[in-house]
Protein chains: 2
Amino acid sequence: MDRVALDRVATIRDVAARAGVSIATVSRVLNGSGNATPETMEKVRAAASDLSFRPSTIGRNLKAARTRTVGVLVPSLTNPVFAESVAGIQDAAAEVGYSVLIASTDYDPARESRAIEGLLSNRVEGLVLTVADADRSGSLDTLDEVRLPYVLAYNQPERAPRAHVSVDNVAASRAVVERMAALGHRRIGMIAGRFRQSDRSRRRHAGWQAALADAGLPPGPVVEVDFNELRLAHRLTPHFEGPERPTALFASNDMLALATIRALRDLGLRVPDDVSVCGFDGIEVGRLMAPSLATLVQPARAMGATAFECLRTGFSGELQGRAVMMPFTLRPGESLGAAPSEST
Amino acid sequence: MDRVALDRVATIRDVAARAGVSIATVSRVLNGSGNATPETMEKVRAAASDLSFRPSTIGRNLKAARTRTVGVLVPSLTNPVFAESVAGIQDAAAEVGYSVLIASTDYDPARESRAIEGLLSNRVEGLVLTVADADRSGSLDTLDEVRLPYVLAYNQPERAPRAHVSVDNVAASRAVVERMAALGHRRIGMIAGRFRQSDRSRRRHAGWQAALADAGLPPGPVVEVDFNELRLAHRLTPHFEGPERPTALFASNDMLALATIRALRDLGLRVPDDVSVCGFDGIEVGRLMAPSLATLVQPARAMGATAFECLRTGFSGELQGRAVMMPFTLRPGESLGAAPSEST
DNA sequence: GTGAAGAATGGAAACGTTTCCATCCGCCCT
DNA sequence: AGGGCGGATGGAAACGTTTCCATTCTTCAC
């Protein structure tokens with residue numbers, strides 16, 4: 001019977017006492033560094049197991065002056081595209097024994113900087129993050145100041161030479177518009193997140209514009225909406241009154257695409273018979289709904305994993321300005337069909 | 001010009017040196033504990049700001065022997081219902097200055113226990129977690145052993161008296177079936193996660209069964225599927241061949257419901273004209289798709305927040321066996337309509 | 001003028017690890 | 001048989017905080 005029923009977590013000192021050795025020996029045995037007699041190893045392991053000893057990450061990190069932890073900052077975990085990339089980061093991190101500290105901002109700058117402060121205090125060794133606008137972000141400036149390595153995910157800065165992993169948003173958007181044009185659409189509109197607040201939205205808009213110009217088509221209506229605005233009917237109505245209404249809409253992300261389809265149906269328009277819709281992101285639920293969502297697929301999970309990998313390998317080298325372009329694919333879907341015949 | 005361009009993170013000692021005071025004073029000033037001359041405070045604050053000093057959480061936690069951190073364990077971040085509850089936990093935690101450490105298991109027991117070990121090593125003060133089966137879970141046994149407080153979310157243990165926050169799954173399922181019966185459905189099937197692996201699935205199945213019995217209806221077909229199985233057509237085919245095919249299907253969660261609708265369409269059946277479908281969870285995308293998804297809504301975000309609150313307030317008291325039942329609502333949707341007339 | 005009280009501040013210990021260095025011991029080689 | 005070598009182990013310092021305790025100094029009452 002154990003006389004000592006100490007009701008606190010066992011420390012290395014407790015293990016050492018029980019095994020009758022020094023803490024140095026315990027540390028060595030448990031970490032497999034240094035040599036030890038088989039009997040010693042046995043004693044130590046038995047003691048550790050008896051006390052269900054779990055080395056404190058805190059003590060370890062303090063001594064080691066490194067945490068083997070990276071921070072992740074995303075606008076929202078409830079947007080599947082971010083959840084997916086976080087999962088990719090976690091996978092890649094776990095593989096090499098790294099932990100992940102996750103923070104979300106809900107698109108709120110105040111929460112963003114608080115989150116960054118928190119991650120910094122936790123001494124993360126680097127960050128993978130997605131910000132609203134990579135060209136003007138106080139958080140990124142902070143990171144530059146303290147020289148903490150970071151890799152942007154999804155963001156594609158236009159001016160600042162910041163390391164990022166993304167798709168070529170302009171080329172990707174062009175692919176969407178070209179596909180629409182090939183299907184006979186001539187009046188192609190865009191539903192986009194606020195340009196002021198999103199470099200992605202700007203890039204995707206640029207691609208849309210360029211593709212239309214190349215195809216000799218006039219730019220259709222552009223509707224800018226806020227992140228959390230999911231009731232879009234009243235925003236679309238004005239553009240669907242005349243005979244010149246668009247036959248296809250390109251949404252700058254999938255959540256927006258879903259909201260758009262919903263709104264079109266509320267307006268009594270059929271998708272894709274009256275209006276086609278294509279999204280951007282490639283979230284999984286898009287495949288499950290009816291009509292299934294046509295979308296430009298970014299490899300979210302792989303992007304997360306790649307971003308982490310860049311961060312890790314770049315820890316020693318120079319991360320500045322490096323960019324990785326991920327491949328994208330256009331996933332066909334029932335929401336994107338041929339232009340209505342009466343309009344050709 | 002600063003002569004000292006030390007390229008490492010500033011410590012309290014650096015601040016003390018620069019301000020010309022002791023580290024004790026720095027600590028007191030920055031934490032607002034104890035008294036200090038206005039000039040001293042000014043000097044300290046200036047030095048801290050000059051060096052962009054951020055107190056190390058690691059050092060702080062080690063000394064304080066508490067981390068103000070809770071762990072969260074979910075099967076998957078990419079399932080919106082979990083993402084949503086995690087968001088709720090984060091919100092509630094942030095409000096009282098707690099941090100959140102997130103781990104996901106991907107339904108893999110090995111990953112689960114590794115994740116728990118990790119959280120334990122990080123000295124979380126408690127856990128909010130969702131496991132496959134709360135009645136037989138090695139991870140939970142571990143937590144009981146080390147006496148670390150935890151609250152289950154979504155799980156509703158049948159035997160073990162474990163603290164949990166959930167809806168009354170049986171009553172909720174009954175509500176779904178009763179609604180279906182009221183709409184004239186007589187042959188009501190169920191698509192469920194593996195009973196072996198999920199207490200939720202079992203409870204929901206029990207509610208389905210009980211409601212059918214009460215309504216004097218024969219149990220329709222039950223299809224058990226794996227978590228990540230999203231192609232269901234071949235699983236449904238056998239049950240839709242005879243004239244006795246079900247007119248309504250109750251899916252034990254929303255992802256399953258989406259997959260079911262998809263599969264039905266692949267089989268050439270219309271939803272809801274030929275077959276109605278109702279899910280369970282209340283994920284947001286359900287509202288956006290067409291047909292919109294009828295579903296039993298759990299207040300995911302509030303559940304997360306509540307679970308955290310229980311954990312926090314229970315830290316001192318006794319958590320054992322406490323349960324909080326959250327209110328549920330039945331969200332109507334286009335996927336659930338009246339039974340086809342020819343079948344009445 | 002003396003003493004006490006209290007404010008301001010500093011010294012030092014402690015938290016749980018890892019790791020450098022020193023010590024001790026047994027063994028092999030000559 | 002003696003010297004040296006190397007393996008096993010322990011002591012102690014260090015990481016960055018907070019906080020207890022002690023010290024100094026100011027101020028005020030007698």
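Only heavy atoms go into these numbers, but all of them, side chains included; no hydrogens, no water, no symmetry mates. In what follows, chains are A, B, ... by sequence order, proteins preceding strands, each numbered from 1.
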Distance (rounded to the nearest 0.5 Å) between R54(B) CZ and R123(A) CZ: 8.5 Å
Pair R114(A) + E117(A), salt bridge at N-O below 4.0 Å: no
Give me the distances for all protein-to-nucleotides 5-8 of chain D N/O pairs that come in under 3.5 Å?
residue: dA8(D); atom: OP2; partner: N35(A); partner atom: ND2; Å: 3.2
residue: dA8(D); atom: O3'; partner: T37(A); partner atom: OG1; Å: 3.0

Sequence neighbours excluded - ring pair (Phe, Tyr, Trp, His ring centres under 6.0 Å) pairs with any residue from residues 15-45 of chain A: none
Summary of ring pair (Phe, Tyr, Trp, His ring centres under 6.0 Å) pairs that have at least one residue in residues 58-85 of chain B, sequence neighbours excluded: F82(B)-Y154(B)
Sequence-aligned protein contact record of nucleotides 15-22 of chain C, with B where the base is within under 4.0 Å of a protein heavy atom and S where only the sugar-phosphate is: BBBBBB--
Note: D144(B)-R162(B) ion pair, threshold 4.0 Å (strictly below): yes
Option passing side-chain contact (heavy atoms from CB on, under 4.5 Å) with L129(A) (candidates L140(A), V74(A), T105(A), L119(A)): L140(A)
T78(A) versus E84(B), side-chain donor and acceptor atoms under 3.5 Å: no
Partner set under side chain to side chain donor-acceptor pair (under 3.5 Å) for N155(B), not counting sequence neighbours: D199(B)
Residues D106(A), R301(B): salt bridge by 4.0 Å N-O rule: yes
Distance-only donor-acceptor check, side chains E125(A) and Y98(A), under 3.5 Å: yes
Angle between terminal axes - the helix from dG1(C)-dC30(D) to dT30(C)-dA1(D), 5 pairs each end, rounded to 10°: 50°
